[in-house]
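Remarks on the structure that follows.
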Amino acid sequence: MTVSSNEAPAQSGFSLRALLIRQEFILFVITIVGVLLLATQSDKFLTVDNILNQGRLVTEVALVALPMTLIIITGGIDLSVGSIMGVCAIVLGYSWKNLGFPLELAIAFTLVVGLVAGLLNGLFIVRLGLPPLIMTLATFALYRGLAEGISQARSVRGYPDWFFEMGQKNFMSYEKGVPNQLIIVVIAAVIVGIILARTPFGRGLYAIGNNEMGARFSGIPVFLYKLVIYSFSGFMAGMAAWIYVSRVSTTRSDMGTGLELDAIAAVVIGGTSIFGGSGTIIGTVIGLILIQLLKNGLALSGVKGDSTTIVVGLVLILAIVLNNFIQNPPEWFKRRFASS
Amino acid sequence: MTASTHSNSGAASKKDGGFLSSLRGFFGSQEGILLIVIIVLMVAVGTSNPRFLSQTNLKDVFAANAYIAVAALGVSMVIISGNIDISSGALVGVLITLSGNLAVGLADAGWPLMLVNIIAWVAPLIGGMVIGAVNGFFVAYLRIPAIVVTLGMFSILKGGLILVAGGNTIYNLPEGYTIAQQDWLGIPSTIYFMVILTIVVFLWLRYSATGRSIYAVGGNAEAARLSGINTRRVIMITFILNGLMVGICSLMLATQFNQIQATAPPGLEMFVITAAVVGGVSILGGTGTVLGSTLAAILVKTIGSAMVFINVSPYWLKAVQGTLILVTVLVDVLRRRRQSRQ
């Protein structure tokens, strides 16, 4: 039951020590130190333009990391988000180009497909009791396969100009300013954050993660809640597909490959326990910022593009080791420090 | 408890019945069903397009993808113990690059060819076991879920490979290095690898104490621990052996052609996991045999090859693969439900 102590530290009143060992705080410090270190490597790194541009690039991961936080809090996982993004991107391009949908309708259809893909995950998990890991591993292959099968690996281009507004322009079309999609991410993060922290639904998710059977017996509609979060995850992957296609001006079936890794890494680095029961949206947001800035800073200091995934992997594993350590410190550590 | 009885049901029916009932037991099992499906598929596609059953194509179906079956042996053990490994594709990329670069580098340095080849063949096996041990350590001793450890390992290896090798192609492999191209007694060498390793792992899992304890840990880790099994050691062993199998898989892949692409083969880990799961290794842990995983690896390749011969776009293969996993897992879950009701 050490897990639940991390969930609501506010109840025990303000305590500096509790704040200091919060993973969010530790992360925040790490992020600041990392940013300062990387800033010495390249003078392009710590500029407003660059930071805002990184906000544009992190959007897709951020959108799916929000529902991923909720899912991991309930003790589940969704490995299929990258594949849902792939199939949604294809649906967007295919329904517009080949089925002749108006582009507005195609976008709406894409979001519905994402929602349904997530709902399908949720239904199998809830109705048949499949472990989320296995169900989403199967749909990880299935949805990516649909993307490849429908598109036959052909890309779709030639979207009208207005379509690029979302992915490539700034708020109110200013020359310099906040990227459109970053505003969506911020709004989504605030809403999801409030729902998680301040509503019965959010508290229900923690309860499911801590003790699913107990949650069910205390009257929480566990099945419904799970359906909602998995559907939400699919929907956000659909959003990510739309925004990504708008940003890069083309549709390919391999879009979103590895998205699940980045999202899970951000969530776990942000202090959400992979075993469920604890975690916050603020933590996830800091995790996202940390990963993106590390990647970008390294790229600017001359590290080859895709090899920055090393950092994601390392930080992911280290974060969990750290998280385990904080939540469940070994005896020698407790003896030395807890009494002081 | 249902888990362990299920895994032994095949063996039990063999003891109390004669030859016929043991035959019935085999064809009722996942392995038997797979064998029937493969044969039916081959006959069906072969009738519509006889070239499918030509010697060259059959050789391709069985030999060219034997490396997937070998890697599936390893991941089957990991899944039986109740864990998972999704880093194998990236690890294969690293190991084939290691082997190829060692072979070319040492041969250029003027080392005797025989020694160069042996080093280049053994290196991926050792490298695989080292990475397997690292994965196993994090899972068994630091109690981090295998999915997270291997997800992290996947991105570390993949990024590291790009950093070091940059997707180069390795040419000028030394004479005699390409062992997977050889035919021994008219049969491709990779088939020997696949068949012998499958039999060895099958027997080891079934009859050795450690092998049986892998089932026990996957079926119910707490019960296994209370009955005196060192669960951490068992998990560690499964990951190290998995690394060894991935190493052998890399050796087979690296020596298959006259050049080596220094990248992780895309989606290989999914092929491997599909083979294990479709082969009847319950992803919930505790049951399954590696005969099934090898048959399933052959089935997946047979389907892929059949699609070409009946003019279905190969781009649908991954969707078929996903559906296969889903159906198998569903059947497994429903079967377990029925058992727990009885």
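Both backbone and side-chain heavy atoms feed into the values below; hydrogens, waters and symmetry mates do not. Numbered from 1 within each chain, the chains take letters A, B, ... in sequence-line order.
Ranked by heavy-atom pairs under 4.5 Å with chain A, the first of B/Thr328, B/Val148, B/Ile86 is B/Val148. Interface summary for chain B: among A/Ala141, A/Gly149, A/Gly258, the most heavy-atom pairs under 4.5 angstrom belong to A/Gly149. Options A/Val312, A/Ile77, A/Leu130 differ in how many heavy-atom pairs under 4.5 Å they form with chain B, and the most are formed by A/Leu130. Most heavy-atom pairs under 4.5 Å with chain B, from the set A/Ala138, A/Ser253, A/Ala265: that is A/Ala138. Taking chain A as the reference chain and counting heavy-atom pairs below 4.5 Å, the highest number among B/Pro314, B/Gly160, B/Gly322 is found for B/Gly322.
In this structure, A/Ile317 and B/Val149 approach most closely via the heavy-atom pair CD1-O, 3.8 Å. When every heavy atom of B/Ser155 is checked against every heavy atom of A/Gly313, the shortest pair comes out as OG-CA, 3.1 Å. Heavy atoms only, all atoms of each residue included: A/Gly145 and B/Trp316 are closest at O-CE3, 4.5 Å. The two atoms that bring A/Leu142 and B/Ala319 nearest to each other are CD1-O, 3.5 Å, heavy atoms only. Taking both residues in full, the closest heavy atoms of B/Arg143 and A/Phe275 are given as O-CZ, 3.5 Å, listed atom of the first, atom of the second, then distance. In terms of heavy-atom proximity, A/Phe140 sits nearest to B/Met270 at CE2-CG, 3.4 Å.
With a threshold of 4.5 angstrom between heavy atoms, B/Ile147 approaches chain A through side-chain atoms but not through N, CA, C or O. Heavy atoms closer than 4.5 Å to chain B are found in the side chain of A/Ile264, but not in its backbone. Neither the backbone nor the side chain of A/Tyr143 comes within less than 4.5 Å of any heavy atom in chain B. Proximity to chain B (any heavy atom under 4.5 Å) is restricted, for A/Leu133, to the side chain, taken from C-beta onward. Contacts of A/Leu128 with chain B are made by both backbone and side-chain atoms, with heavy-atom separations under 4.5 Å. Both the backbone and the side chain of A/Ile150 come within contact range of chain B, each with at least one heavy atom under 4.5 Å from a heavy atom of that chain.
In this structure the side chain of B/Leu326 reaches within 4.5 angstrom of the side chain of A/Met135, judged on heavy atoms. Residues A/Val321 and B/Leu142 are in side-chain contact: their nearest non-hydrogen atoms beyond the backbone lie under 4.5 Å apart.
Atom-to-atom distance recorded for B/Ile273:CD1 and A/Leu137:CG is 5.0 Å, nearest 0.5 angstrom. A distance of 6.5 Å separates CZ of A/Arg144 from NZ of B/Lys318, quoted to the nearest 0.5 Å.
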